[in-house]
Number of protein chains: 2
Amino acid sequence: MTDPSTIVTVLDRAGFRLTEPRRVVAGLIADRNGHFTAADLVDDARERRLDVGRATIFRALELFTELNAVERVDLPNGEHAYVECEPVHHHHVICSQCARTTEVEACGMPAVARDVGKATGFKIQSHRLELFGICPDCQATNSRRG
Amino acid sequence: MTDPSTIVTVLDRAGFRLTEPRRVVAGLIADRNGHFTAADLVDDARERRLDVGRATIFRALELFTELNAVERVDLPNGEHAYVECEPVHHHHVICSQCARTTEVEACGMPAVARDVGKATGFKIQSHRLELFGICPDCQATNSRRG
DNA sequence: TATCAAGTGAGACTGGGTATCGTCAACAGT
DNA sequence: ACTGTTGACGATACCCAGTCTCACTTGATA
Ligand SMILES: [Zn+2]
Ligand SMILES: [Zn+2]
Ligand SMILES: [Zn+2]
Ligand SMILES: [Zn+2]
């Protein structure tokens, strides 16, 4: 879907080794769209006969997350999933039907955070916002099917 | 901290049995402040020599969550924690130092959700917002300690 | 107080995630 | 290019949250 080299570039810039397993994981992620779990990547790898150790996949995801090349999202059902994304502050809109995600800036948020800080006396440090809904494609499909 | 009878009342109203283990779990929750995990309750119970099965604690949490007497929050580190709370739509401000939580209405959210829907074409169904920061008490303690 | 479905708990099981440790290979320095 | 250092790998054992099973207990109701 996207270009695996973007993650690889991020790795390189940050001074990490460009190992074969990391390239493979970056490739698997690039070929996905929407969110995915570590287990999904393990399956993908096995299907394609790319042998990457399970532990390595977890380690790669952890690293990519630290480098802001992917981000973890907590699905409503409690699953820990990941999405590839841009290294700037943003939020995700997640299709609860096909898992596709879109990034949004949700510019209204800083104001909300400020108000909440004022109302509660908390010094707000960070916030997490995830929006769930039906993406345009799925809406179209659904209405076509009746 | 709070009154265990509030959860018990909710249980009763919903037509569930008021069993001893459920009262115990409700009590453990009431005695906590801030968020807690299922494991925390298991430990609490053991310390106080209240014997409640582990499975029962999980089941009680699940039930209380369905009844909106507690709510699950996903901490930034990936842990699944719970907080006792009111059965109306709201969000949580969580102290990253002492785990205390406060509920807020965050009235700005519907507008944000609407904007995001308009910008992305998604039909927004639900959203999750969690704010993390330092509570007034901890701020005071921190500045006192220098 | 008798009835019986709802609820419980010991323990087995699953699955996500981590720790260990011997081996390997990316990269810097020559 | 050759080599040494060391970061990374991967097989495997392990840990822990959460679920399932099933024989047993208990709360509500008459
Ligand atoms: Zn993102
Ligand atoms: Zn969709
Ligand atoms: Zn709540
Ligand atoms: Zn605090």
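By convention in this document, chain letters (A, B, ...) are assigned in the order of the sequence lines, proteins followed by strands, and residues within each chain are numbered from 1.
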Can you tell me the distance, in whole Å, between the [atom1] atom of [X] and the [atom2] atom of [N]?
X: A/D74; N: C/dG17; atom1: CG; atom2: C1'; value: 14 Å
X: A/L61; N: C/dG17; atom1: CG; atom2: C1'; value: 11 Å
X: B/E79; N: C/dG16; atom1: CD; atom2: P; value: 18 Å
X: A/N77; N: D/dA17; atom1: CG; atom2: C1'; value: 15 Å
X: B/F16; N: D/dT26; atom1: CZ; atom2: C1'; value: 17 Å
X: B/E62; N: D/dG18; atom1: CD; atom2: C1'; value: 10 Å
X: B/E20; N: C/dT8; atom1: CD; atom2: C1'; value: 12 Å
X: A/I57; N: C/dG15; atom1: CD1; atom2: C1'; value: 15 Å

request  = Could you work out which one of D/dG18, D/dG10, C/dG16 sits closest to the side chain of A/F58?
outcome  = C/dG16

inquiry  = By nearest atom, which of the nucleotides D/dA28, C/dT8, C/dA10 is closest to the B/L18 side chain?
reply    = D/dA28

Distance-only donor-acceptor test (3.5 Å): side chain A/R54, base D/dG10 = no

inquiry  = Between the base of D/dG7 and the side chain of A/R59, is one N or O donor paired with an acceptor at under 3.5 angstrom?
reply    = no

request  = Is it possible for you to say whether B/V70 and B/V8 belong to one hydrophobic cluster, with membership spreading through side-chain heavy-atom contacts below 4.5 Å?
outcome  = yes

task = With heavy atoms under 4.0 Å as the rule, sort A/R22 into base, sugar-phosphate or nothing.
result = sugar-phosphate

task = Starting from the 5' end of DNA chain D, give me the residue, B/R23 or B/R72, whose nearest nucleotide shows up first.
result = B/R72

task = For A/R17 and for B/D12, find the nucleotide of DNA chain D with the closest heavy atom, then tell me which residue's nucleotide is more 5'.
result = A/R17

Find the distance between [atom1] ([X]) and [atom2] ([Y]) and round it off to the nearest 0.5 Å.
X: B/E84; Y: B/T101; atom1: CD; atom2: OG1; value: 9.5 Å
X: A/H80; Y: A/L61; atom1: NE2; atom2: CG; value: 13.0 Å
X: A/R23; Y: A/L18; atom1: CZ; atom2: CG; value: 4.5 Å

Output yes when at least one side-chain N/O atom of [X] is less than 4.0 Å from OP1 or OP2 of [N], else no.
X: B/H80; N: D/dG18; answer: yes
X: A/T19; N: D/dC9; answer: yes
X: A/T56; N: D/dG10; answer: yes

Candidate list B/H127, B/E105, B/E103, test side chain to side chain donor-acceptor pair (under 3.5 Å), partner B/H91, passing option = B/H127

